[in-house]
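Beneath this line is the structure, given in C-alpha cells, with notes to follow.
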Number of protein chains: 2
Amino acid sequence: MIVQFELDRSQPAPIYRQLYQRFLESIADGRLRPGDRVPAVRALAAELNLARGTVDAAYQLLIGEGYLTARGAAGTVVTPQLTTVSLPAPRASVASMDYQGTHSGGLPLALQMGLPALDAFPRKVWTRLAGRQLRQSGLEGLVYPDSRGYAPLRMAIAAYLGISRGINCHPDQVLVCAGYRACLDLISHTLMRSGDKCWLEDPGYFMAREALKEGGAELVPVPVDDQGLDVAQGIARCPDARFAVVTPTHQSPLGMSLSLARRLALLDWASRTGSWVIEDDYDSEYRYQGKPLPALKSLDQQGRVLYTGTFSKVLFPGLRLAYLVVPAEQSQAFARQADRLHNHCPHLLQATVAAFLSEGHFARHLKKMRSLYARRRQWLIDALRQQFGDRLQINPHAGGMHLVAVLGEGDDRLLAQRARAQGIAIEPLSHWYVEAKPKQGLVMGFTNIISARHASEVALRLAQVI
Amino acid sequence: MIVQFELDRSQPAPIYRQLYQRFLESIADGRLRPGDRVPAVRALAAELNLARGTVDAAYQLLIGEGYLTARGAAGTVVTPQLTTVSLPAPRASVASMDYQGTHSGGLPLALQMGLPALDAFPRKVWTRLAGRQLRQSGLEGLVYPDSRGYAPLRMAIAAYLGISRGINCHPDQVLVCAGYRACLDLISHTLMRSGDKCWLEDPGYFMAREALKEGGAELVPVPVDDQGLDVAQGIARCPDARFAVVTPTHQSPLGMSLSLARRLALLDWASRTGSWVIEDDYDSEYRYQGKPLPALKSLDQQGRVLYTGTFSKVLFPGLRLAYLVVPAEQSQAFARQADRLHNHCPHLLQATVAAFLSEGHFARHLKKMRSLYARRRQWLIDALRQQFGDRLQINPHAGGMHLVAVLGEGDDRLLAQRARAQGIAIEPLSHWYVEAKPKQGLVMGFTNIISARHASEVALRLAQVI
C-alpha cells in the first residue's frame with residue numbers, strides 16, 4: 001500500500017476524521033500524487049480493521065471536497081487536476097463546524113471514566129445472539145416497540161434484580177429507557193411538578209442535576225460525609241423536598257456507601273412526607289472489598305423508591321439501554337407517560353439483551369469483569385503510587401469503575417484541561433461540587449488500563465502534565 | 001400437539017400475553033391437564049412462527065404464577081398439584097396492570113395509521129446488512145455514539161435529501177434523533193424560551209402539540225384551508241410567534257399541500273421576524289398524483305427552517321430513528337445541546353441504515369412501496385365506495401399513508417371506539433382539531449391492506465360498526 005496510516009485511538013477526533021486528515025497530509029506532502037489510485041474501501045477497512053462505513057465516510061468527505069475523484073469500476077483516485085502547489089487547506093467552515101462534544105463518537109482517551117472494559121466485551125456471543133434475533137424476530141421487531149420496554153427483557157431484569165440486588169418486583173414495575181437521562185425525564189414527566197424541591201448529593205453527578213432542573217425541580221444541594229448523603233442535613237435544610245437523588249452503593253463520585261442508618265433515615269423521611277427517592281445504582285455490580293450491598297430499593301416497604309440501573313456500564317454504552325423500577329401503585333401512571341413520551345427502545349437491542357441475560361451470559365460476564373477490574377484498579381493504584389508517592393492521595397473506597405485522587409495543591413480543572421490536550425481524560429473532582437467546599441482532585445477510570453505497563457505509561461504521562 | 005392456538009394478530013394485546021391467556025384457557029377447560037408436558041419453547045416458537053423470546057415470556061409468566069413447572073431437562077409441565085377445580089383466576093393485579101397504551105408492542109390492528117407495509121419490508125437485505133455491521137464494527141460500536149448521529153449516516157441522509165427533497169445541506173447540519181418527538185425536544189431545548197408563541201396547524205398532529213407545550217411553548221392554533229396553513233391568519237392572530245410547525249407536503253391529517261404562495265409567505269414572515277419554521281416532512285416520500293413537491297426547506301434562503309424527517313414511515317418504527325436538518329449557523333448550538341441531552345442513538349442501527357441508504361437499497365425500497373401503496377390505497381377506496389356509497393366522503397388528496405373519510409353524520413370518537421373493540425384502529429378526525437370547528441371523520445391507514453379481498457372484508461366489518 002502506498003500510504004501508512006497510524007490511527008491514534010487516544011485522539012478525541014472520530015476515526016473517519018483522522019483518516020480524512022491522514023489522506024490530506026499524504027496528499028499535501030506528496031506521498032499521494034494527483035492521479036494516484038487509493039485503496040478500495042473494502043480493502044482499506046480490512047487492513048486497518050475498521051468498519052467499511054468509517055472508511056467510506058472519510059472517502060465521501062474527501063470526494064465532496066474535491067481531493068478524491070470516484071471513477072466507478074476504475075476505482076477512486078486523487079483528483080488529477082489537483083496540483084500539490086494549489087492544494088487547498090481543509091475548508092475552514094468544515095473544520096470549525098466539527099464540534100467536539102463529550103461524546104463525539106470517538107474512541108475513549110486514557111483514563112476516561114464511565115466506560116466498561118471495551119477489549120473484554122464478549123463480542124462473539126453478542127454477535128451470535130443479535131444475529132439470531134435478527135433472523136428470528138417476527139413482525140414484532142418492526143412495529144412500535146412496547147413503550148414500557150420489551151416484555152421478556154423486563155422479566156429478565158426483574159429476575160436479575162431479585163437475585164443480585166435484593167429487589168422484589170414484578171416485570172410490570174420495570175420500564176426500559178434509552179439511558180439514565182431518559183429514566184430521569186420519565187420520572188419528572190410522571191411525578192414532578194414545576195418548583196418541586198429536590199435534594200441532590202453535593203458533590204454529585206452533574207447530568208442528574210441538569211436533567212432534574214430542566215424537569216422543573218428546584219435543586220437543594222445536601223452535603224455528603226463518610227456515610228454518604230447527610231440525611232439530617234437534608235431535613236434541616238429542606239424538610240418538604242418532594243425528591244431526593246442518591247447513589248447509595250458508591251456515592252458518585254467519592255465512592256463511599258450510604259450507611260444502613262442513613263438508608264433507614266432516608267426511607268423514613270420519604271414515607272413520612274410522601275416524597276420520592278431516586279436511587280441511581282449505576283455501577284453497583286462492581287465491588288472489590290466486602291460483600292455487595294443490596295440496593296436501597298430492597299429496604300423500601302412503603303413504595304417510595306424509584307430505582308434506576310443501566311446497561312451502559314455492564315454491557316456497553318452504544319446500546320443506549322437503562323431501566324427504571326417503580327412502585328407497583330405507580331406502574332400505570334409511568335406506563336401512560338412512557339406511551340405519551342414515545343419511550344420506545346429498539347426491539348433488536350432489547351431482545352438481544354434479554355437473551356444475553358436469560359441465557360446466563362450476563363452473570364458470566366459480570367463475574368469475569370469483577371476480577372478483571374480488580375486487577376486493572378490495582379495496576380493503576382500501584383503505578384500512581386510509584387509515580388506520585390504522597391503527592392496524590394488515592395481514595396481507598398472509590399466507586400466500581402473509577403478512582404478518585406485528591407490533590408495536595410493545584411487547580412484540578414486546569415490540570416484536567418492540560419491532561420486532555422495530552423490525550424488523558426481525567427475529570428476534575430471540583431466539577432461535581434455545588435455549594436460544599438470543593439476538593440481538588442482527579443477522577444480516573446481504570447477499566448481500560450490493559451496492563452501494568454500501560455498503567456505505568458499513563459501515570460508517567462500524567463506526571464508530565466501535573 | 002395437544003393445544004391449538006389461534007393468535008389473533010388484530011388484537012391489541014401483545015402476543016406473549018395472548019399465548020399466556022390461551023394456556024390458561026386450555027388448563028381451565030381441561031384440554032391441558034395437571035402433569036401434561038407442554039411443548040418446548042423452541043418447538044412451539046417454530047410452529048407458531050414466533051420469536052423464542054415471545055414464547056419464553058409467556059412460559060415465564062405461567063411458571064411465575066404457578067400454572068406451569070419447569071423440570072429442567074425433563075421439560076416443562078402443567079403443575080401437577082394444580083387441580084382443575086382449584087384453578088385460580090388470573091391474578092387480578094396482573095390483569096389490571098397490563099396497561100394497554102397506544103404502543104404496547106402488539107401487532108397493528110386493521111387500518112392502523114402511521115405504519116409502513118410490514119409484509120413488504122425487505123427483511124433479508126436488512127438482516128444481511130445488520131449482520132455485516134455486527135461482525136465488522138470495531139470499538140466504535142461499543143462506545144457512546146456521536147450525540148449528533150453516526151457520521152456516515154448523516155452523510156447518507158444529506159445526500160438523500162439533496163437528491164430527493166431538493167435540500168442542499170452539509171452533514172454537519174444533520175442530527176439523528178430517536179424519533180420525531182426527540183427532534184422536537186432537541187429543538188425546544190436549543191431554541192425555545194418558556195412562553196414562546198408557536199403556530200400550530202388546526203387540525204394538526206396532537207403529539208407535536210403536546211411535545212412543544214411541554215417544551216415551554218404557548219400554542220397558537222392557526223386554521224388550514226385547501227392551500228394548507230393560512231399564513232395571513234397566523235400573522236393576524238399572532239404576528240410575534242417565534243415558531244410555526246407545518247406539514248407542507250401532506251397536511252397532517254387532511255393531506256393537502258401547502259401552496260407555493262403560502263410557502264413564500266411563511267418564509268417571508270419567518271425571515272422578517274426572525275422566527276423558526278419547523279417542517280414535519282413525515283411521509284413526503286409517498287405521492288400518487290402529480291410530481292413530488294420539493295421540501296419547504298429547499299426554498300429556505302435565510303436559514304429559518306428546521307427540517308425533520310423520519311425512518312419510521314419508510315423503513316420501520318421499531319428502529320426509532322429520525323433526523324433533523326438545521327441551518328448551518330445553528331449546527332454548533334444543536335450539537336452542544338444534543339451532547340447535553342445524551343442524544344445518542346444505537347450505533348448498530350445507525351450503521352445499518354447508513355449502509356441501506358448508501359448501497360442503494362433505500363431508493364429501490366421506496367420505488368417499490370410507491371407502487372404498492374398506490375394499489376393498496378385504491379383497493380381501500382374502492383371497497384369503501386362499494387360498501388358506503390355516498391355516506392362516506394373520501395378525501396381525494398389525503399396523505400401518503402392514510403385516507404380521510406368525512407362523515408355525513410355521527411360522532412367519530414364513538415365510532416372509533418366501537419371500531420377498536422372490533423379490532424379496527426380508525427382514528428377520529430375531530431381529535432386533530434383544537435379551536436377550528438371539528439369535522440367528523442375517520443382517518444384510516446391503507447398501507448397494510450394486503451389485497452382487494454382484505455379491503456372488502458375490512459370495509460364490511462367497518463360497516464357493521466357504523
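In the text below, chain A, chain B and the rest are named by the order of the sequence lines, each starting its count at 1. Quick note: numbers below take in every heavy atom, side chains included, and nothing from hydrogens, waters or symmetry partners. On a predicted model such as this, the values are computed, not experimentally measured, just so you know.
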Closest-packed option against chain A by number of heavy-atom pairs under 4.5 Å, given B:Pro152, B:Ser358, B:Gly179: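 The answer is B:Pro152.
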Shorter than 4.5 Å, heavy atoms on both sides: which option in [options] has the most such pairs with chain B?
options	result
A:Leu341, A:Leu319, A:Leu153, A:Asp56	A:Leu341
A:Met207, A:Arg135, A:Arg181, A:His347	A:Arg181
A:Gln133, A:Arg52, A:His189, A:Arg154	A:Arg52

Contact class of A:Ala130 relative to chain B, heavy atoms under 4.5 angstrom: both
A:Leu142 versus chain B, the contacting section by heavy-atom distance below 4.5 Å: both
Minimum heavy-atom distance between B:Gly318 and A:Pro145, given as atom pair plus value: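 Result for this residue pair: CA-CD, 3.8 Å.
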Non-hydrogen atoms of A:Pro346 and B:Arg320 that approach each other most closely: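 Closest pair (atom of A:Pro346, atom of B:Arg320, distance): N-CG, 4.0 Å.
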Within the structure provided, determine whether [X] and [Y] are in side-chain contact (heavy-atom separation under 4.5 Å).
X	Y	result
A:Phe316	B:Val143	no
B:Pro317	A:His344	no
B:Tyr144	A:Pro108	no
B:Leu134	A:Leu134	yes

Under-4.0 Å salt bridge between B:Glu214 and A:Arg340: yes
Pair A:Tyr150-B:Thr54, side chain to side chain contact (heavy atoms under 4.5 Å, CB included): steps then yes or no: CA-CA 10 Å; A:Tyr150 179 53; B:Thr54 305; 4.2 Å; yes
Test side chain to side chain contact (heavy atoms under 4.5 Å, CB included) applied to A:Tyr180 and B:His342, step by step: CA-CA 9 Å; A:Tyr180 176 47; B:His342 285 210; over 6 Å; no
Check against side chain to side chain contact (heavy atoms under 4.5 Å, CB included), B:Leu139 and A:Arg123: CA-CA 10 Å; B:Leu139 294 185; A:Arg123 296 172 57 150; 4.0 Å; yes
Exceeds 12 heavy-atom contacts within 6.0 angstrom, atom CG of A:Asn168: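 At most 12 heavy atoms, drawn from other residues, nucleotides or ligands, come within 6.0 Å of this atom.
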Side chain to side chain contact (heavy atoms under 4.5 Å, CB included) assessment of A:Leu349 paired with B:Leu349: CA-CA 9 Å; A:Leu349 301 174; B:Leu349 302 173; 4.2 Å; yes
